[in-house]
Amino acid sequence: MNESRLVDREAPIGIFDSGVGGLTVLKEIFKILPFENGVYFGDVGRTPYGGRSKDIITEFTRQDIAFLIEQKVKFIVCACNTASSVALEDIKKDYDIDMIGVIEPGARAAAERTKSGKIGIIGTHATINSNAYAKYIHEIDPDLKVFSLACPLFVPLAEEGYIDKEATYYIAVDYLQTMKDVEVDTLVLGCTHYPLLKHVIGDVMGDDVLLIDSGEETARAARDILSESNLMNPSASQTPCPEGEQKYFVSDVPERFSGVASRFLGREVSRITRVDISRY
Ligand code: DGL
């Protein structure tokens with residue numbers, strides 16, 4: 001980060017995603033940084049990003065970030081695996097604000113925890129085609145073997161609440177057989193929606209396979225960055241520690257967002273505002 005930038009430590013953390021999925025990351029942030037204020041932007045009007053080209057994903061990601069910067073956030077979390085893997089690295093260089101994506105923390109956790117050296121990555125088409133997870137894992141240890149697989153149907157299944165349905169189980173069996181065949185011992189859930197299907201994915205892969213939730217790892221990495229950069233909200237040291245204020249913004253009608261959002265976040269979502277993201 002640029003040392004000359006004066007940062008208001010009470011300013012919110014900005015979190016964005018292609019839609020509702022990033023709320024699984026926000027849920028993890030709430031667990032370990034409950035005192036932080038937050039601004040969440042979900043690009044529900046243009047979701048999903050996962051089947052789009054690099055150019056379009058980069059353009060959308062730039063706009064999402066520009067919106068959060070206008071909200072005067074102190075730090076940005078790109079909760080979307082697709083945007084993190086395809087666009088974030090290029091865009092980050094243009095801004096004087098700390099930003100973190102979900103790929104590096106997830107990749108690091110997988111590289112550190114695998115025992116057999118065989119890691120599976122599942123995500124959207126764009127995330128898998130970018131090879132971003134494999135790139136980070138190989139920077140840590142070039143000898144690790146990485147097997148990547150797009151599982152696009154998991155996104156609508158999670159959004160529609162198909163969490164415990166037999167249909168979801170059969171789709172998971174079909175998708176994940178190749179991961180079982182190559183005997184990965186660690187599987188990265190490289191998409192915001194997949195933690196909702198953790199039980200199904202875990203049942204299919206079996207008890208011996210460790211599932212890595214990139215959102216969980218990212219929340220921990222965000223806490224470390226805030227602490228190292230002296231950006232943590234000072235209210236963290238109060239007892240009892242007050243809960244931060246959270247605002248939600250979306251790029252299309254908020255009604256559908258609020259229904260799905262409470263399921264993803266595990267709590268009611270209020271204060272949702274629609275923004276015209278094409279302005280940014
Ligand atoms: N948020 C996206 C991700 O984590 C999944 C949904 C989409 O394709 O936009 O990759």
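Read the numbers this way: they start at 1 and go in the same order the structure lists the ligands and their atoms. What you see below is based on every heavy atom in this structure, not just the backbone, and it leaves out hydrogens, waters and symmetry mates.
Aromatic rings from Phe67 and Phe249 are positioned such that their centres are separated by under 6.0 Å. Here Phe154 and Tyr175 bring their ring centres to under 6.0 angstrom of each other.
Between the side chains of Ser18 and Asp43, no donor N or O sits under 3.5 Å from an acceptor N or O. Gln63 and Arg46 are linked by a side-chain donor-acceptor pair at a separation below 3.5 angstrom, with hydrogens and angles left out of the test. For the residue pair Thr127/Ser130, the side-chain donor-acceptor check at 3.5 Å is not satisfied.
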Extract all N/O-N/O pairs under 3.5 Å that connect ligand 1 to the protein, and present each with both atom names and the distance rounded to 0.1 Å.
unit_1   : atom_1 : unit_2 : atom_2 : d
ligand 1 : 1 (N)  : Asp17  : OD1    : 2.9
ligand 1 : 1 (N)  : Ser18  : OG     : 3.1
ligand 1 : 1 (N)  : Thr192 : OG1    : 2.9
ligand 1 : 4 (O)  : Asn81  : N      : 3.0
ligand 1 : 4 (O)  : Asn81  : ND2    : 3.4
ligand 1 : 4 (O)  : Thr192 : N      : 3.0
ligand 1 : 4 (O)  : Thr192 : OG1    : 3.2
ligand 1 : 8 (O)  : Tyr49  : N      : 3.4
ligand 1 : 8 (O)  : Gly50  : N      : 2.8
ligand 1 : 9 (O)  : Ser18  : OG     : 2.6
ligand 1 : 9 (O)  : Tyr49  : N      : 2.6
ligand 1 : 10 (O) : Thr82  : N      : 3.1
ligand 1 : 10 (O) : Thr82  : OG1    : 2.6

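Legend: residues meeting side-chain hydrogen bond (donor to acceptor under 3.5 Å, both in side chains) with Arg223, ordered by chain and number and at least two apart, are absent.
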